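All values derive from a computational prediction rather than experimental measurement.
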Amino acid sequence: MSVRLPSLNGLRAFEAVCRYMSFTKAAEELNVTQTAVSHQIRRLEAELGVALFLRLNGGLALSEDGQAYLPGVRAAFQALRYSTEQLLESRDKSVLTISTLVSFASKWLLPRLPSFQQAFPAIDVRISASTERVDFRKDAIDAAIRYGRGDWKGLRADFLMSDEVFPVCSPALAKTLRAPADLANHTLLQVSGVTAGDWGAWLRAAGQPLQLAEGPRMTFDLAMMAVQAAVDGQGVCIGRSTYVEDDLRAGRLVAPFGLRLKDELGFYLVTPHETAESKKIVAFRTWLLALLAGADTFV
């Protein structure tokens, strides 16, 4: 005997509400009103003859029936999203849209992308450089490279690399730096935001007074600007390996001291679970990990 399937709109509302545990946020994603979502859920419950949610004073909770029903519904929608992804990939040249930080794109990713394009010429890469968190569905973003602890809820996060923190400067300026105490005679360059405490952390590890970081200094919004100022000889930048390694290799910058601090945060490739195994994302992930491991081939 065949079982009549319930309303697809009701199932979509149920799956969205379960992800957010909020009628309001589910309504925003589905581009309908909260009342419409509530109506769809009640209609679905009526069709099934069970209560899927417990309406509590502190918010929503899944009932036992809701907990039992969710895995199958979620798997079905993931399969639909994956099938749609595969269809779109086969329909035209595969477009891979990557969101990442401006400085990371400029100083690390873009110089290395030609090897990816050579290995996977059928994939059209588009870079969206932004510091804002993205909504993968609304913003049409396939993957993001983000800096943090890798604990983004509801997303797959593959660790790429962590940073080392250490001062860098131009070769000419380095001749005047024999010891960390000599930093008192120079302008210190730094980046605002999450890395604003780098100078303090490094000076503390070097056994230097924190007052050194309170002298002449220049602060930039973007790491790429601070690094360029160091290349131009405007001061000593508290650098991060991701952003300075190419300039160090080319001789545009030098690291005058041996002390390097390992950062507890790192860069991650972040993707939605339902599309994480699509061909283009697997190709990009494989290339990134092989590149960071020093491999010569990516397929």
Side-chain angles (χ1 to χ4, degrees), residues 8-34 36-38 40-41 44 52-56 58-86 88-89 95-101 104 126-162 194 264-286 288-289:
L8 180 58
N9 285 338
L11 292 173
R12 286 182 63 209
F14 173 67
E15 192 265 347
V17 171
C18 287
R19 274 190 280 109
Y20 296 109
M21 275 300 151
S22 166
F23 279 20
T24 301
K25 291 183 179 179
E28 290 176 358
E29 176 182 310
L30 299 174
N31 198 28
V32 297
T33 65
Q34 180 181 343
V37 169
S38 179
Q40 289 167 358
I41 294 296
L44 177 63
L52 298 172
F53 292 99
L54 302 176
R55 278 76 170 177
L56 307 174
L60 285 177
L62 280 168
S63 67
E64 289 187 10
D65 288 321
Q67 292 175 17
Y69 197 39
L70 175 59
V73 173
R74 178 167 286 165
F77 275 100
Q78 287 176 344
L80 284 171
R81 292 185 184 108
Y82 178 76
S83 297
T84 302
E85 176 84 11
Q86 297 302 304
L88 295 177
E89 282 189 356
V95 176
L96 176 66
T97 304
I98 305 295
S99 171
T100 188
L101 306 175
F104 184 87
R126 299 179 185 179
I127 302 298
S128 174
S130 171
T131 59
E132 301 297 325
R133 295 185 66 178
V134 298
D135 184 317
F136 287 94
R137 296 176 182 84
K138 290 183 179 179
D139 301 334
I141 299 295
D142 296 301
I145 298 176
R146 284 293 181 262
Y147 191 69
R149 300 183 185 276
D151 54 357
W152 293 279
K153 186 177 180 180
L155 297 170
R156 172 172 171 169
D158 292 278
F159 177 76
L160 300 177
M161 58 186 164
S162 58
V194 69
E264 61 181 10
L265 306 181
F267 288 94
Y268 291 80
L269 178 66
V270 184
T271 53
H273 285 294
E274 59 265 28
T275 57
E277 296 303 321
S278 66
K279 291 181 181 179
K280 61 185 179 182
I281 292 179
V282 169
F284 189 67
R285 183 189 302 119
T286 301
L288 271 178
L289 295 177

Peer 1: Return the minimal non-hydrogen interatomic distance between S99 and I141, and the atom names on each side.
Peer 2: CB-CG2, 3.8 Å
Peer 1: Does any non-hydrogen side-chain atom of R126 lie less than 4.5 Å from one of L96?
Peer 2: no
Peer 1: Please identify each residue that fulfils ring-ring contact (aromatic ring centres under 6.0 Å, His included) with Y20, with sequence neighbours left out.
Peer 2: none
Peer 1: Specify the closest pair of heavy atoms between L70 and L62, including all atoms of both residues, with the distance to one decimal.
Peer 2: CD2-CD1, 3.9 Å
Peer 1: To the nearest 0.5 Å, tell me how far T33 OG1 sits from E28 CD.
Peer 2: 12.0 Å
Peer 1: Are the side chains of V17 and L52 in contact, using a 4.5 Å heavy-atom criterion?
Peer 2: no
Peer 1: Which pairs, with at least one residue in residues 66-80 and sequence neighbours excluded, count as a side chain to side chain donor-acceptor pair (under 3.5 Å)?
Peer 2: none
Peer 1: Would a distance-only check, ignoring hydrogens and angles, find a side-chain to backbone donor-acceptor pair under 3.5 Å from D142 to T97?
Peer 2: yes
Peer 1: Using side-chain contact (heavy atoms from CB on, under 4.5 Å) as the criterion, list what pairs up with A75, not counting sequence neighbours.
Peer 2: none
Peer 1: Quick one: does C18's side chain get under 4.5 Å of F53's, heavy atoms only?
Peer 2: yes
Peer 1: For R19, what residues pass the salt bridge (Lys or Arg N to Asp or Glu O under 4.0 Å) criterion, not counting sequence neighbours?
Peer 2: E15, E29
Peer 1: Quick one: closest heavy-atom pair of L60 and S22, and the distance?
Peer 2: CD1-N, 4.3 Å
Peer 1: With R156, which residues qualify under salt bridge (Lys or Arg N to Asp or Glu O under 4.0 Å), at least two apart?
Peer 2: D158, E277
Peer 1: Among residues at least two apart in sequence or on other chains, which ones pass side-chain hydrogen bond (donor to acceptor under 3.5 Å, both in side chains) with S162?
Peer 2: K262
Peer 1: I need the I98 CD1 to L288 CG distance, nearest 0.5 Å.
Peer 2: 8.0 Å
Peer 1: Please find the pair of heavy atoms, one from T100 and one from I145, that lie closest to each other, and give the distance.
Peer 2: OG1-O, 3.3 Å
Peer 1: Not counting sequence neighbours, which residues clear side-chain hydrogen bond (donor to acceptor under 3.5 Å, both in side chains) with T24? List them please.
Peer 2: Q34
Peer 1: What closest approach, in Å, do A13 and I41 show between heavy atoms, and which atom pair accounts for it?
Peer 2: C-CD1, 3.8 Å
Peer 1: Return the minimal non-hydrogen interatomic distance between G10 and L44, and the atom names on each side.
Peer 2: O-CD2, 3.5 Å
Peer 1: Quick one: side chains of residues 267-276, donor-acceptor pairs under 3.5 Å with protein atoms, not counting sequence neighbours, listed by atom name and distance.
Peer 2:
| unit_1 | atom_1 | unit_2 | atom_2 | d |
| --- | --- | --- | --- | --- |
| Y268 | OH | R149 | O | 3.3 |
| E274 | OE2 | R137 | NH2 | 2.4 |

Peer 1: Got a sec, which residues hit salt bridge (Lys or Arg N to Asp or Glu O under 4.0 Å) with D139, two or more places apart in sequence or on another chain?
Peer 2: none
Peer 1: Any side-chain heavy atom of R146 sitting closer than 4.5 Å to one from F104?
Peer 2: no
